[in-house]
Amino acid sequence: MPRTPTRDAPAVPGVPWIATWSRERKSTALLDGRRGQGLFYFNEAPGDRDQFGALWARQSQRIGQGTAELAGIHPRRQRRAMEELLCQVCGLPADVSDLGVLWMEPITPGDPRSGFTTHPPVCVPCAVQARERCPRIRRTGVHVVRVADPRPNGVFGVFYYPRLAGGLVAEEPMDKRYDDGEVRWVLAHQMVMRLSGVTPVDLDDEYDRYLATSPAERAASLRGTTPRRRHHREAAIPSTFTAP
């Protein structure tokens, strides 16, 4: 069952749940690598890796403390939003209908839609508010779709390689698929989701449908009773990737 974000603290109104705050500190102090095996933490805990074995960046959890950094994405919260299909804005379960999970993404002029995204899904009320309040969306417009089959495809993060004399060298951030052996050298900051079974929808129509939905039906969706909410978790760990 999808969890509500009480463990990580609820979202602050007006600030996306996956955004970072100035007092949420990053750390790579205990990061190292083994040739042929990839990155690891000296004091690695089970939560440091996702279900596919990729190692994730560490950042403390202090929602609401300091200044909101809207351009920053918190690795743990973004990952949870993708894995559990939580709304990126409020941190509660994203909206699900017979057509699938609700997704919205700002339009990037000149770039075709690829079917891959690092933007987690949304719930209908947050999508409507974001369309009205987000400067980027108001400037460029937004794609709104239902996704029948969202599946984790890989990660976006910093690529490292080991020095001969020891230690690591950081390269530019990049995307790596889970079935790419080099993913073991990427310290993940965001999960990349593959969106299949995409149906464009009208957000105003979605909001009307939401308002017409009974409280019991909304509660059932929030409990994750629809198979579509759990479907992406059935993906197997790629056989070409073995965590160190």
Side-chain angles (χ1 to χ4, degrees), residues 4-5 8-24 59 62-97 99-148 150 153 156 173 175 189-213 218 221-222 229:
T4 56
D8 298 338
V12 174
V15 179
W17 183 62
I18 63 171
T20 57
W21 292 79
S22 59
R23 292 192 61 188
E24 296 184 312
Q59 187 168 2
R62 291 186 172 86
I63 289 181
Q65 297 186 28
T67 304
E69 299 176 342
L70 300 180
I73 303 297
H74 194 283
R76 176 176 169 179
R77 294 196 289 273
Q78 192 270 357
R79 172 183 160 189
R80 281 196 60 201
M82 289 297 209
E83 290 178 334
E84 302 178 28
L85 299 179
L86 304 178
C87 174
Q88 61 173 289
V89 180
C90 67
L92 296 174
D95 192 87
V96 180
S97 73
L99 292 176
V101 187
L102 187 66
W103 240 276
M104 69 182 298
E105 191 161 354
I107 296 173
T108 303
D111 288 343
R113 298 176 60 205
S114 64
F116 299 89
T117 186
T118 57
H119 293 271
V122 289
C123 67
V124 172
C126 285
V128 172
Q129 291 181 14
R131 184 181 62 180
E132 296 173 351
R133 299 176 183 177
C134 176
R136 181 182 176 187
I137 290 176
R138 293 180 65 179
R139 183 174 65 253
T140 67
V142 67
H143 294 295
V144 183
V145 298
R146 290 282 181 179
V147 182
N153 187 75
F156 172 80
D175 295 329
H189 286 256
Q190 297 182 56
M191 182 174 285
V192 180
M193 193 74 81
R194 179 180 179 180
L195 307 182
S196 300
V198 174
T199 303
V201 294
D202 182 273
L203 186 54
D204 292 322
D205 291 343
E206 292 296 313
Y207 190 46
D208 289 341
R209 182 197 61 81
Y210 173 83
L211 294 176
T213 303
R218 293 180 194 173
S221 177
L222 291 177
R229 187 181 296 282

How long is the gap from [atom1] on [X] to [atom2] on [Y], to the nearest 0.5 Å?
X	Y	atom1	atom2	answer
M191	I73	CE	CD1	14.5 Å
I18	I63	CD1	CD1	11.0 Å
R62	R23	CZ	CZ	6.0 Å
L92	D95	CG	CG	12.0 Å
E84	R79	CD	CZ	9.5 Å
R209	D202	CZ	CG	12.5 Å

Tell me, do [X] and [Y] make a side-chain contact under 4.5 Å, heavy atoms counted?
X	Y	value
V122	V144	no
P120	W17	no
V128	Y210	no
C123	V89	no
P150	L195	yes

Please determine whether a side-chain nitrogen of the Lys or Arg among R80 and E83 lies less than 4.0 Å from a carboxylate oxygen of the Asp or Glu.
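Salt bridge: no.
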Answer yes or no: is there an ion pair linking E24 with R77, defined by an N-O contact shorter than 4.0 Å?
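Salt bridge between E24 and R77, a charged N being under 4.0 Å from a carboxylate O: yes.
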Sequence neighbours excluded, which residues qualify as side-chain contact (heavy atoms from CB on, under 4.5 Å) partners of R136?
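Per chain and number, R136 pairs via side-chain contact (heavy atoms from CB on, under 4.5 Å) with P106, T108, C134, R139, T140.
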Which atom pair, heavy atoms only, marks the closest approach of [X] to [Y]?
X	Y	answer
V145	V147	CG2-CG2, 3.9 Å
C90	A11	O-CB, 3.6 Å
A127	L102	CB-CD2, 4.3 Å

In sequence, state the C-alpha distance, the side-chain angles, and the governing distance for F116 and D175, and then conclude on side chain to side chain contact (heavy atoms under 4.5 Å, CB included).
CA-CA 11 Å; F116 299 89; D175 295 329; over 6 Å; no
Would you check if the side chain of Q78 reaches a backbone N or O of T118 as a donor-acceptor pair within less than 3.5 Å?
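Looks like yes, one N/O pair under 3.5 Å.
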Tell me whether R146 contacts the main-chain N or O of T199 through its side chain, where contact means a donor paired with an acceptor under 3.5 Å.
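Judged by distance alone, no pair lies under 3.5 Å.
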For atom CZ of R131, decide whether the heavy atoms of other residues, nucleotides or ligands shown that lie under 6.0 angstrom number more than 12.
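Yes, the 6.0 Å shell around CZ holds more than 12 heavy atoms from other groups.
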Inspect the surroundings of CZ in R138 and state if more than 12 heavy atoms from other residues, nucleotides or ligands are less than 6.0 Å away.
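Open.
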List the residues meeting salt bridge (Lys or Arg N to Asp or Glu O under 4.0 Å) with D208, not counting sequence neighbours, and say none if there are none.
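Testing D208 for salt bridge (Lys or Arg N to Asp or Glu O under 4.0 Å), a comparison that skips the adjacent residues, returns none.
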